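Being a predicted model, the structure only gives us computed values, none of them experimental.
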Amino acid sequence: MLWPRPLLGKEGATMHVKKYLLKCLHRLQKGPGYTYKELLVWYCDNTNTHGPKRIICEGPKKKAMWFLLTLLFTALVCWQWGIFIRTYLSWEVSVSLSVGFKTMDFPAVTICNASPFKYSKVKHLLKDLDELMEAVLERILAPELRHANATRTLNSSIWNHTPLVLIDERNPHHPVILDLFGDNHNGLTNSSASEKICNAHGCKMAMRLCSLNGTQCTFRNFTSATQAVTEWYSLQATNIFAQVPQQELVEMSYPGEQMILACLFGAEPCNYRNFTSIFYPHYGNCYIFNWGMTEKALPSANPGTEFGLKLILDIGQEDYVPFLTSTAGVRLMLHEQRSYPFIRDEGIYAMSGTETSIGVLVDKLQRMGEPYSPCTVNGSEVPVQNFYSDYNTTYSIQACLRSCFQDHMIHSCKCGHYLYPLPRGEKYCNNRDFPDWAHCYSDLQMSVAQRETCIGMCKESCNDTQYKMTISMADWPSEASEDWIFHVLSQERDQSTNITLSRKGIVKLNIYFQEFNYRTIEESAANNLVWLLSNLGGQFGFWMGGSVLCLIEFGEIIIDFVWITIINLVALAKSLRQRRAQASYSGPPPTVAELVEAHTNFGFQPDTAPRSPNTGPYPNEQALPIPGTPPPNYDSLRLQPLDVIESDSEGDAI
Amino acid sequence: MAPGEKIKAKIKKNLPVTGPQAPTIKELMRWYCLNTNTHGCRRIVVSRGRLRRLLWIGFTLTAVALILWQCALLVFSFYTVSVSIKVHFRKLDFPAVTICNINPYKYSAVRHLLADLEQETREALKSLYGFPESRKRRDAESWSSVLEGMQPRFSHRIPLLIFDQYEKGKARDFFTGRKRKVDGRIIHKASNVMHIESKQVVGFQLCSNDTSDCATYTFSSGINAIQEWYKLHYMNIMAQVPLEKKINMSYSAEELLVTCFFDGVSCDARNFTLFHHPMHGNCYTFNNRENETILSTSMGGSEYGLQVILYINEEEYNPFLVSSTGAKVIIHRQDEYPFVEDVGTEIETAMVTSIGMHLTESFKLSEPYSQCTEDGSDVPIRNIYNAAYSLQICLHSCFQTKMVEKCGCAQYGQPLPPEANYCNYQQHPNWMYCYYQLHRAFVQEELGCQSVCKEACSFKEWTLTTSLAQWPSVVSEKWLLPVLTWDQGRQINKKLNKTDLAKLLIFYKDLNQRSIMESPANSIEMLLSNFGGQLGLWMSCSVVCVIEIIEVFFIDFFSIIARRQWQKAKEWWARKQAPPCPEAPRSPQGQDNPALDIDNDLPTFNSALHLPPALGTQVPGTPPPKYNTLRLERAFSNQLTDTQMLDEL
């Protein structure tokens, strides 16, 4: 209740305060009754919850029934509340889906040539390797002629580092390992007769990867020679390119003006300068249209080919590095603005000599983040350092996985892999500085545990955008138009009157929005606080007709209970003390003195001492000279008959 | 009181039903309205004036009606679903990949079986279209000479006919050259109405056993007609060949797969399991859980997926059965049956086909939310496939079962039900007619298969993004082809041609798995809390009120009526016993009289002792409800004693 104001006088003030406190106490105690029973009856009669009222106003059997019902309903309400609160805390989401067309930013388009370098430019680097490769192929295809090419000088250092071997498995218990150049036979020295018959059926090719100066070797087996030589060659090429500075690599790759012959976005002409160039180790120079890094992203407001991006590209298939890539075409990928294109994973091919039309539907998934779904908004809480941050791109799980791999690579092999970006102060792997790297990399690449650690550490991004493509193809240019198209394009690119292009190199691309260009799936919280409250209210109302105020009522009653207990305890203590005093005093019962004491003291003995229910607190109540409290009198008056009836019926029941 | 009376009273007290305290129904109603917790009722009693009372009755009834209506709406909308889409980034199980050559059997191996058919087909082509003999590419021997001595087996059974547009109802049998009358129905495969510009229409006639009931099928193009005709005979021939022989005639895994690479590791023919498809010959399934483990991918991208180079031997193609070259690939669940002819993706030769996948899983809620089935056990169609249930399987099984029922034999393209044989002429001469009739009925949904089969509740779907590129490139072709020849070395002695090869890449684009899940939108507790909300909104009512209503209107109501009837009976009996006693009926009359007020009764009983509170009305400022309850309480206790006394009388 009210708290005393600041003290005024000194002695008078203390008296004042004491009086005031006393008053407060009296008022607090002026609850609905002075016994537990009174309190309960008052509560049941006056509460707004529906059950309790029926407990007190019916006969004994119904009373019991209603009591049980009320208990049951209370239990039900508590149980259901528990369910609702648990549901709320499970942070479920509901999704809404919207489909339609709207003006959207055209996706960023990354195009790469399938071959990373022009062979004419990298020939001097790959010269030794190519000669070796040719010798290997010759050796595989015509084993009996192996002495014929002995004259050729081969770079044996490359070969000796990671040689290809044949494993003769015709006798499964004694596999024979034969070096392809036959100088040193590991295992049993076999007759050359068996070698000659050895073909794909009996022999397996393998790559020998050694570490610690060739003392610890593992074999990476292949079931076909094609794979073996391809993998071997790309490993060696990686080693060579890793030692060349990136600037030189960019120059060796396809330049934009050679590759992008014509460009049209909607009605606006564009050229290779509208493309941002990045160096992607797998595919050399890649060109990104509408990346949105420096300027605003271009929107497209209409569906259809006429309003999309049209490109004519030349892949220059004749100048491909022959052993590095066997596939000819353009690698193409659509992605979001400001995101790094992981074109090797998500890219598609476009074929030369054809027109490829790609209808785009933007499939966007927007999620709510913690605690609703385990995803990250900007990757700041992911415990992996993002090596792609140099490109100033947004977080993506692909970037995280690759950074994670590179991190592991640097930890276990002491050098970074050529295909992934390098953290500051580290070097790319090569045979000269890190002789064991191939072995180490091969182990790491095959390790499932490493991948799973990375998957466990990286979190997906909350906004996931996929570009659904409808791809169709047609021959291009047509035979009738071929001649003039090649002439015009050759003239424009090389200023020559001769045709410098061919069907094998030319690619036409149309990328456009479909009639429905977006499908957005958006998450929202399925159960919010309003939902929780209205359901709690619904349940409480359904079973008992209760509300929050009823809960407060109940709380009040509990406080009253506590008060009555305290009062009783105090009275008990007092009576004990008095009885002890009486025992020594053994005088007549001090009725008046007690009343006087009750005036000044906290204890309310007179209330509790006469416990007869009928004439209970009445006289004492009136004896209390508290002025200005008429309502309690009336209250108790009203209660009285109820009480009487109660006791009456109880008396009857006995 | 006497001890007997006391015991009687005690028993009465402890009896299970004491009955309501109110003596009359009107009293009961009044008591209920004043004491109930539902709002509205009280106002009916408390209001003064008839109009007001009527209004309140109207309001209360409207509120009750609204509650019932809204609750009914809630109940009817109980079985709705809410959809949630979840995305997981995790290690994904790689799907099973089934690869088939489009051509089922090596032509060199099956040719001895099909020689007669081939001859007749060529003859038909020659006679229908003047097909020049010189373009024959395989063997130069003149097969027409062989033909001379033998009977046309196939055309005899199903004659290929040319219909002349100007001669309705007449057709020319190509083989005999005779004109024959065509009666019966003519069914055009092309369209219902003939819109064909050419003069000649080609078709064939299928007759049932006694050749009286015939159906003629015509096609807009001879290509379709010949292929369909050929296929019918082909199925008939192949149905008689045992399975082992067929497997041997088809391609082996080593032949089909030149190289195989999965997740950076080499694989070979041993990683593929044979799956023999009647129309596509030997197909090979990768990752078919043959050794109890499903391969999974923990990295996206083509280098971590499946890379295979296929050998498509075009020289061994059957010229009449298939007209396209390449392979078919089906991506499916491990326990799913690959429907090669229905859902395959075709692969071109001399190309790399790159197939990027996205995995989407869907889960639907079964009964009572939607008509789907979890495992097909509740669908009355026997699954003849050795695979998990799907709608497709159900439809095919249904058709095959019907086929066995109606035609007595099974169609060749689908698995055999138990105790059935594939159709062939020898045993079932008119199966083709039967098959065509049944097929038509199936397509027009007359067999009831479509209504019986339910869709499966959960399915995995791999969305494919297919793109093509040239392979091998011009510069790599020179070295790649010899090495591939070496890989294939055992079987092929000559150098491979690039049009005999196809490269296939199947990989996860990323490891995002989308799950579309349905979950119940409502639960029982939601429904109850909505009920609660409705009850509370309109009437501030709760279950307690409902129990009250039941108690008052069903138990108390009837017990009052019963009591009154009992009293009447008693009275009547008493009157019969002692007719000259007028006092006895008076008091019940007073009880029954609705006009009689309780207040009038008050002074007559010992409750008069309690009158002082009634005087309390003169005390100013006492809130009426309190008084009211006080008064009522007392009145009932009085009435109770009153009735008890009456009972005891």
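- Between the side chains of A:S352 and B:Q470, a donor-acceptor pair is found at a separation under 3.5 Å.
- With respect to chain A, the highest number of heavy-atom pairs below 4.5 Å among B:S540, B:G532, B:S542 belongs to B:S542.
- Using a 4.5 Å cut-off between heavy atoms, B:V87 contacts chain A through both its backbone and its side chain.
- Most heavy-atom pairs under 4.5 Å with chain A: of the set B:S84, B:S298, B:G536, this distinction falls to B:S298.
- Residue contact with chain A, scored on non-hydrogen atoms closer than 4.5 Å, involves the side chain of B:E551 exclusively.
- Contact annotation for A:M544: only backbone heavy atoms (N, CA, C, O) come within less than 4.5 Å of a heavy atom of chain B.
- In plain terms, the two heavy atoms of B:T38 and B:C541 that are nearest each other are CG2-SG, 3.4 Å.
- In this structure, A:K504 places its NZ atom where only 12 or fewer heavy-atom neighbours from other residues, nucleotides or ligands lie under 6.0 Å away.
- No side-chain donor from either of B:D268 and A:T223 sits under 3.5 Å from a side-chain acceptor of the other.
- With salt bridges taken as basic N to acidic carboxylate O contacts below 4.0 Å, one links B:E303 and A:R344.
- For A:W531, the part lying near chain B is the side chain, with the backbone staying farther off; criterion is any non-hydrogen pair under 4.5 Å.
- Of all non-hydrogen atoms in A:P322 and B:S476, the two that sit nearest each other are O-CB, 3.2 Å.
- Proximity to chain B (any heavy atom under 4.5 Å) is shown, for A:F540, by neither the backbone nor the side chain.
- Of all the listed residues (B:V475, B:T463, B:V546, B:L511), the one sharing the greatest number of non-hydrogen pairs under 4.5 Å with chain A is B:V475.
- Residues B:Y304 and B:T297 approach most closely at O-CG2, 3.6 Å, considering heavy atoms.
- With values rounded to the nearest 0.5 angstrom, B:K91 atom NZ is found 8.0 Å from A:I455 atom CD1.
- If you measure heavy-atom distances from A:E523 to chain B, the contacts under 4.5 Å come from the side chain alone.
- Of the two parts of B:L535, only the side chain, counted from C-beta on, holds a non-hydrogen atom closer than 4.5 Å to a non-hydrogen atom of chain A.
- Of the N and O atoms on the side chains of A:Q450 and A:Q445, not one donor lies less than 3.5 Å from an acceptor on the other residue.
- In terms of heavy-atom pairs under 4.5 angstrom with chain A, the leader among B:Q307, B:K509, B:M299, B:Q534 is B:K509.
- Sparse packing is recorded around NZ of B:K86, with 12 or fewer heavy atoms of other residues, nucleotides or ligands lying under 6.0 Å away.
- In this structure, A:L97 CG and A:I521 CD1 are separated by 5.5 Å, a value rounded to the nearest 0.5 Å.
- Heavy-atom pairs under 4.5 Å with chain A peak, among B:W479, B:F261, B:F531, B:W471, at B:W479.
- In this structure, A:R331 is positioned above the aromatic face of A:Y349, its NZ or CZ under 6.0 Å from the six-membered ring centre and within 45° of the axis.
- Heavy atoms closer than 4.5 Å to chain B are found in the backbone of A:N221, but not in its side chain.
- Using a 4.5 Å cut-off between heavy atoms, B:L537 makes no contact with chain A at all.
- When heavy atoms are compared at a cutoff of 4.5 Å, A:A225 approaches chain B by way of both its backbone and its side chain.
- Residues A:Q539 and B:L528 come closest through the heavy atom pair NE2-CB, 3.5 Å.
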If you apply the rule side chain to side chain donor-acceptor pair (under 3.5 Å), what do you find for A:T49 with A:T47, and how did you get there?
CA-CA 6 Å; A:T49 38; A:T47 182; 2.9 Å; yes
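- The part of B:T465 that comes within reach of chain A is its side chain, from C-beta onward, which places non-hydrogen atoms under 4.5 angstrom from that chain.
- Counted by atom type alone, B:Y32 and B:D556 present zero donor-acceptor pairs between their side chains at under 3.5 Å.
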Does the side chain to side chain donor-acceptor pair (under 3.5 Å) test come out yes or no for A:D130 and A:Y233, once each step is laid out?
CA-CA 9 Å; A:D130 285 350; A:Y233 188 88; 2.5 Å; yes
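- Heavy atoms of A:F73 lying under 4.5 Å from chain B belong exclusively to its side chain.
- Ranked by heavy-atom pairs under 4.5 Å with chain B, the first of A:K468, A:Q80, A:E92 is A:Q80.
- Of the two parts of B:L480, only the side chain, counted from C-beta on, holds a non-hydrogen atom closer than 4.5 Å to a non-hydrogen atom of chain A.
- Contact of A:T325 with chain B is made through the backbone alone, with heavy-atom distances under 4.5 Å.
- The contact between B:F507 and chain A is made entirely by side chain atoms (from C-beta outward), counting heavy-atom distances below 4.5 Å.
- Contact annotation for B:S354: only side-chain heavy atoms (C-beta onward) come within less than 4.5 Å of a heavy atom of chain A.
- With a 4.5 Å cut-off on non-hydrogen atoms, A:V507 does not touch chain B at all.
- In terms of heavy-atom pairs under 4.5 angstrom with chain B, the leader among A:S224, A:G545, A:G347 is A:S224.
- Heavy atoms of A:Q227 lying under 4.5 Å from chain B belong exclusively to its side chain.
- Between B:C267 and B:C260, the sulfur-to-sulfur (SG-SG) separation falls under 2.5 Å.
- The choice from A:Q466, A:R220, A:E318 that makes the most heavy-atom pairs within less than 4.5 Å of chain B is A:Q466.
- Considering every non-hydrogen atom in both A:A350 and A:T356, the closest pair reads CB-OG1, 4.0 Å.
- B:T466 touches chain A through its backbone: at least one of N, CA, C or O sits under 4.5 Å from a heavy atom, while the side chain does not.
- Using a 4.5 Å cut-off between heavy atoms, B:D263 touches chain A through backbone and side chain atoms alike.
- Only the side chain of B:H358 comes within contact range of chain A, with at least one heavy atom under 4.5 Å from a heavy atom of that chain.
- When heavy atoms are compared at a cutoff of 4.5 Å, B:M526 approaches chain A by way of both its backbone and its side chain.
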How far apart are the C-alpha atoms of A:I397 and A:K459, what are their side-chain angles, what is the distance that settles it, and do they pass the side chain to side chain contact (heavy atoms under 4.5 Å, CB included) test?
CA-CA 6 Å; A:I397 191 160; A:K459 275 184 181 173; over 6 Å; no
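- For the set B:N512, B:L468, B:L484, the count of heavy-atom pairs under 4.5 angstrom toward chain A peaks at B:L468.
- Comparing A:E452, A:M469, A:M205 by heavy-atom pairs within less than 4.5 Å of chain B, the highest count is held by A:E452.
- At a 4.5 Å heavy-atom cutoff, the contact between A:T226 and chain B is made by backbone and side-chain atoms alike.
- In this structure, the portion of B:V352 lying under 4.5 Å from any heavy atom of chain A is its side chain and not its backbone.
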Is there a side chain to side chain donor-acceptor pair (under 3.5 Å) between B:S473 and A:S326 once you walk through the steps?
CA-CA 5 Å; B:S473 66; A:S326 57; over 6 Å; no
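- In summary, A:E460 and A:R367 engage in a salt bridge, as defined by a charged side-chain N under 4.0 Å from a carboxylate O.
- For chain B, the nearby parts of A:I348 are the backbone and the side chain; heavy atoms of each come within less than 4.5 Å.
- Interface check for chain B: of the options A:M473, A:M133, A:R451, the most heavy-atom pairs under 4.5 Å are formed by A:R451.
- Contact annotation for A:V330: neither backbone nor side-chain heavy atoms come within less than 4.5 Å of a heavy atom of chain B.
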